[in-house]
Amino acid sequence: MKIASVTVDVPTMQTDRAFDYSIPEPWQGKILPGMRVIVPFGPRKVQGFVMGIKETSEAKKLKNLVQPMDLTPVLNEDLLHMADWLTEQTLCFKISALQVMLPAAMKAKYEKKIILNPAKREVLAEEAAALFINKEEVSWKEAEEAGLLPLLQKEIKAGHLDVFYSVKSKGRKKTVQKFYRAVSKEKLQEEIESLPANADKQKAVLQFFISAENDGVTSKEAADAAGASSATIKALADKGLLMKKQEEIYRNPFAHKNFKKTSPLPLTEEQEKAITPILKTIEEKKHETFLLYGVTGSGKTEVYLQSIQEVYEQGKEAIVLVPEISLTPQMVDRFKGRFGNDVAVLHSGLSAGEKYDEWRKIQRKEVKVVVGARSAIFAPFENLGIIIIDEEHETSYKQEENPRYHARDAAIYRAKQYNCPVILGSATPSLETFARAQKGVFKLLTLSKRMNSGRLPSVSIVDMREELRGGNRSMFSEELFEKLQDRLQKGEQTVLFLNRRGHSSFIMCRDCGYVAQCPQCDISLTYHRFSNSMKCHYCGYETGVPQTCPECDSEHIRYFGTGTQKVEEELAKLLPEARVIRMDVDTTSRKGAHERLLESFGEGHADILLGTQMIAKGLDFPNITLVGVLSADTMLHLPDFRSAEKTFQLLTQVSGRAGRHKLPGEVVIQTYTPEHYSIELAGTQNYDTFYQKEMMMRKMGSYPPFYYLSLITISHEDLLKVVGAAEKITKFLQAKLSPQSIVLGPAASPIPRINNRYRYQCLIKYKREPELPSILKTILEHSQQQKASEGLTISIDVNPYMMM
DNA sequence: CGAGGCACGTGT
DNA sequence: CACGTGCCTCGC
């Protein structure tokens with residue numbers, strides 16, 4: 001056992017395989033699969049993952065691996081298998097699959113340095129020597145910026161300098177210095193007595209260390225307790241009476257919070273009925289996927305908690321996935337409240353270091369439950385007992401970069417590895433999931449009643465075209481405005497929801513219809529009030545706001561697309577007495593801002609909560625009795641076959657925020673297309689009818705769940721080259737695929753140009769196409785050669801969610 | 001991805 | 001024929 005087979009951190013097609021390295025003597029037997037190692041690769045050093053250990057190698061000459069980066073494997077065997085599966089499923093590089101499973105802090109940090117050979121300091125050219133005054137190494141970048149590279153290169157050749165490559169992990173473990181008694185308590189007592197009379201500070205500190213239950217305190221803690229300063233502590237340490245030790249600690253993002261311990265609630269009859277088959281599966285150690293289909297407020301979370309309880313009592317672990325956007329403090333509280341310190345939380349609000357720490361808690365088996373966003377599905381547990389995906393229909397479970405995986409598929413794969421159940425929970429399941437439940441692939445569990453005897457809110461749909469005809473040009477319909485006033489009087493709370501996805505704010509000339517466009521992408525520029533500029537969301541292009549129309553010189557420039565700020569202003573005009581909290585990217589970008597705003601609203605410091613998607617989920621306050629949706633149809637017109645489904649889901653979610661407790665709730669949905677079935681049916685909260693109707697539409701369009709999709713996007717600076725390549729690919733596919741499959745395109749992408757690159761796409765619809773992965777791989781391999789020679793980029797998304 | 005090699009071009 | 005610029009190939 002002395003050869004390690006290693007996947008290197010070089011994401012290209014040619015290096016997407018294992019490379020063999022011999023393991024030098026001191027590491028033999030200590031290098032294990034799943035460890036990160038540093039290996040020489042070509043002239044430099046890179047990070048790699050040990051995939052396996054073997055005796056022999058095909059390779060002619062082996063290099064030694066430099067050293068391991070970990071003491072124990074960071075990926076267990078099951079995760080290594082999962083990486084193979086991910087690679088196959090999403091057609092990504094093995095290295096990308098491995099990296100996505102680890103916190104970003106564990107990615108490699110590369111540094112290239114120039115080291116001085118000390119014996120040669122004297123013979124260096126003057127300019128080069130200037131760089132090495134008082135030091136023996138200079139970063140490559142520094143040398144480059146000084147414009148000294150050609151000179152230094154000569155010196156390197158002459159052997160006066162050396163190039164050195166270093167590989168480090170980005171993340172740092174946080175440590176703290178703690179002080180301990182260096183001698184016995186008795187000795188300390190003696191010391192106190194022998195100290196001069198005026199040294200009362202030192203005496204107090206020593207007294208503290210004598211009486212302290214367990215020593216091992218930070219300098220600040222000791223100083224505060226004894227009323228001394230850190231200098232005193234240091235003096236005592238220098239005398240050899242105290243000793244200091246550097247200890248590793250976890251960053252604790254929840255340090256300031258106390259979690260109220262909760263115990264299992266009595267289940268309703270419905271919940272009882274739903275949980276029974278889950279518990280049975282856990283007991284029998286079988287894999288099964290459940291769809292927990294429960295209306296908003298029906299108590300799905302309690303079913304999750306009690307299912308986890310069962311797993312927990314068996315000594316097994318649980319993963320709970322939650323959409324990033326609803327990983328709110330309220331949600332975290334519920335899990336921490338039940339399972340206390342046995343819960344790790346992974347979400348984007350944490351710093352890289354905090355995420356790393358939470359991850360290490362999991363790896364060291366210090367926690368049993370992980371609550372996190374998409375990538376938490378890769379939590380390094382080894383004895384998984386259950387996986388839960390809340391809000392199963394959320395599109396954020398699909399990763400939009402490589403590896404383009406869907407957490408739902410990953411969850412099912414992992415659950416099969418451990419013979420444990422998956423619970424998919426939603427009030428508005430994705431069509432794919434519900435169809436599978438109907439077919440019996442998933443087991444359907446239903447919760448049809450609200451807890452707290454809350455009734456579903458009554459919903460009224462307002463036709464904004466009528467309002468306009470009636471002379472109301474404001475963004476509030478008469479009905480919504482009256483209800484707003486009413487709540488204000490009663491002291492009840494309102495949530496106003498602004499759906500901005502699709503349309504963002506843009507500016508348009510009212511005389512000639514000119515809309516500011518990005519010069520590099522075929523998309524309108526978005527108006528950013530904060531910086532008073534126009535920005536492109538795709539390439540980052542930024543320009544000033546035109547005062548007059550560049551086309552016709554008109555001064556009638558109008559700002560379109562109601563942003564939250566604009567609504568806020570209008571509210572201030574119409575209802576000056578109302579206290580409004582606005583939640584959008586601007587007000588929540590600071591760490592913890594999201595939490596503070598919600599808390600403040602929950603405590604009744606405001607009458608109206610105004611926001612974008614981020615307030616659609618999870619929000620659960622008893623005093624909310626009115627929900628207003630200002631423009632329900634903005635995303636209905638996106639070029640996406642899921643737009644009706646997304647609209648229905650969003651409206652249903654938002655409506656579910658009202659009347660969750662004693663007070664009955666009302667919902668007002670404003671729209672320009674009240675006749676659309678997704679809006680009409682969201683109004684009556686009728687998922688089943690929506691499902692039927694939408695399934696018909698999908699069947700007619702040959703879309704999922706009737707067909708699978710794969711999307712190929714081709715991009716290049718030259719439009720002709722793109723079209724040419726896209727046509728070739730389409731022809732190739734048509735020739736290779738079975739006649740039952742449909743190949744659409746090539747057609748320009750919905751955003752035909754991004755960053756000066758034209759984009760064409762080709763969509764494959766298929767029911768059964770076992771050869772497709774290998775066909776797609778061929779296309780990718782072929783494109784690799786083209787990429788070098790022509791600069792073509794081809795990306796493939798299996799089961800895409802974004803058609804852009 | 002990033003280095004070193006090599007096939008060209010320019011300038012002498 | 002020395003040296004610079006850009007493309008191609010290779011990496012255990």
Side-chain angles (χ1 to χ4, degrees), chain A residues 1-25 27-28 31-33 35-69 87 92-100 104 106-115 125 139-145 147-159 161-170 401-403 716-718 721 780-795:
Chain A
M1 298 273 258
K2 48 184 184 339
I3 294 169
S5 158
V6 175
T7 298
V8 291
D9 179 20
V10 182
T12 62
M13 192 124 249
Q14 303 143 62
T15 52
D16 188 28
R17 64 192 170 88
F19 289 82
D20 293 340
Y21 290 89
S22 44
I23 303 172
E25 186 53 49
W27 306 116
Q28 275 187 34
I31 304 278
L32 301 168
M35 273 187 184
R36 297 178 303 159
V37 289
I38 298 172
V39 292
F41 196 65
R44 56 201 171 120
K45 277 184 257 169
V46 298
Q47 186 190 59
F49 288 84
V50 178
M51 306 307 289
I53 303 291
K54 51 189 189 178
E55 293 293 341
T56 58
S57 170
E58 315 276 89
K60 278 183 230 95
K61 46 183 195 284
L62 297 185
K63 283 188 186 171
N64 279 345
L65 64 74
V66 179
Q67 58 171 281
M69 293 176 81
T87 308
C92 70
F93 301 130
K94 182 67 60 64
I95 189 68
S96 318
L98 294 166
Q99 312 246 52
V100 80
M106 293 174 76
K107 265 192 119 180
K109 197 173 101 188
Y110 297 106
E111 219 179 336
K112 187 176 176 184
K113 289 185 277 197
I114 302 170
I115 311 255
S139 78
W140 188 269
K141 230 174 129 195
E142 204 179 316
E144 199 171 15
E145 275 156 19
L148 292 174
L149 274 190
L151 175 65
L152 294 181
Q153 227 127 32
K154 264 185 217 150
E155 299 282 5
I156 291 164
K157 261 203 190 118
L161 301 173
D162 280 315
V163 182
F164 185 79
Y165 299 84
S166 83
V167 183
K168 267 190 228 139
S169 208
K170 264 189 198 148
E401 311 108 62
N402 273 329
H716 191 274
E717 285 177 11
D718 182 350
K721 280 208 174 114
L780 232 34
E781 268 158 28
H782 199 76
S783 84
Q784 183 65 25
Q785 291 149 21
Q786 296 229 309
K787 189 186 165 91
S789 55
E790 296 181 46
L792 266 173
T793 309
I794 295 184
S795 79

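All chains are named by letter (A, B, ...) in the order of the sequence lines, taking the proteins before the strands, and each is independently numbered beginning at 1.
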Next on the checklist: Categorize A/Glu58 for me: base, sugar-phosphate, or nothing, with a 4.0 angstrom heavy-atom threshold over every strand shown.
Outcome noted: nothing

Checklist entry - Are OP1 or OP2 of C/dG11 and a side-chain N or O of A/Lys63 less than 4.0 angstrom apart? => result no

Checklist entry - With a non-hydrogen cut-off below 4.0 angstrom, is A/Tyr21 in contact with a base, only sugar-phosphate, or nothing? => result sugar-phosphate

Checklist entry - Expressed in angstrom and rounded to an integer, what is the separation of A/Leu149 atom CG from C/dG4 atom P? => result 13 Å

Checklist entry - For A/Asp9 and B/dG2, what is the distance between atoms CG and P respectively, to the nearest whole Å? => result 10 Å

Checklist outcome for this item: To the nearest angstrom, the CD-P distance between A/Glu111 and B/dG2 comes to 14 Å

Checklist entry - Can you tell me how far P of B/dG2 sits from NZ of A/Lys141, to the nearest Å? => result 13 Å

Checklist entry - Any side-chain heavy atom of A/Ile53 sitting closer than 4.5 Å to one from A/Ile23? => result yes

Item to check | Nucleotide C/dT9, atom C1' - distance to CZ of A/Arg44 in whole Å | outcome: 13 Å

Checklist entry - Quick one: A/Lys154 NZ to C/dA2 C1', roughly how many Å, whole number? => result 12 Å

Item to check | Rounded distance (Å) that lies between atom P of C/dC12 and atom NZ of A/Lys2 | outcome: 19 Å

Next on the checklist: In the structure I gave you, are the side-chain heavy atoms of A/Tyr21 and A/Phe41 within less than 4.5 Å of one another anywhere?
Outcome noted: yes

Checklist entry - Do A/Phe19 and A/Arg17 have side chains that get closer than 4.5 Å, going by heavy atoms? => result yes

Checklist entry - If you look at every heavy atom in A/Leu65 and A/Ala4, which pair is closest and at what distance? => result CD2-CB, 4.0 Å

Next on the checklist: Expressed as a whole number of angstroms, how long is the span from A/Gln47:CD to B/dG2:P?
Outcome noted: 14 Å

In residues 5-13 of chain A, what donor-acceptor pairs under 3.5 Å come from side-chain atoms, sequence neighbours left out?
| residue | atom | partner | partner atom | Å |
| --- | --- | --- | --- | --- |
| A/Asp9 | OD1 | A/Gln99 | NE2 | 2.9 |
| A/Asp9 | OD2 | A/Tyr110 | OH | 2.7 |
| A/Thr12 | OG1 | A/Thr15 | N | 3.3 |
| A/Thr12 | OG1 | A/Thr15 | OG1 | 2.6 |

Checklist entry - Base, sugar-phosphate, or nothing: which does A/Lys61 touch, judged by heavy atoms less than 4.0 Å apart? => result sugar-phosphate

Next on the checklist: From the set C/dG11, B/dC1, B/dA3, return the single nucleotide nearest to any side-chain atom of A/Tyr165.
Outcome noted: B/dA3

Next on the checklist: Taking any heavy-atom pair under 4.0 Å as a contact, classify A/Lys45: base, sugar-phosphate, or nothing.
Outcome noted: nothing

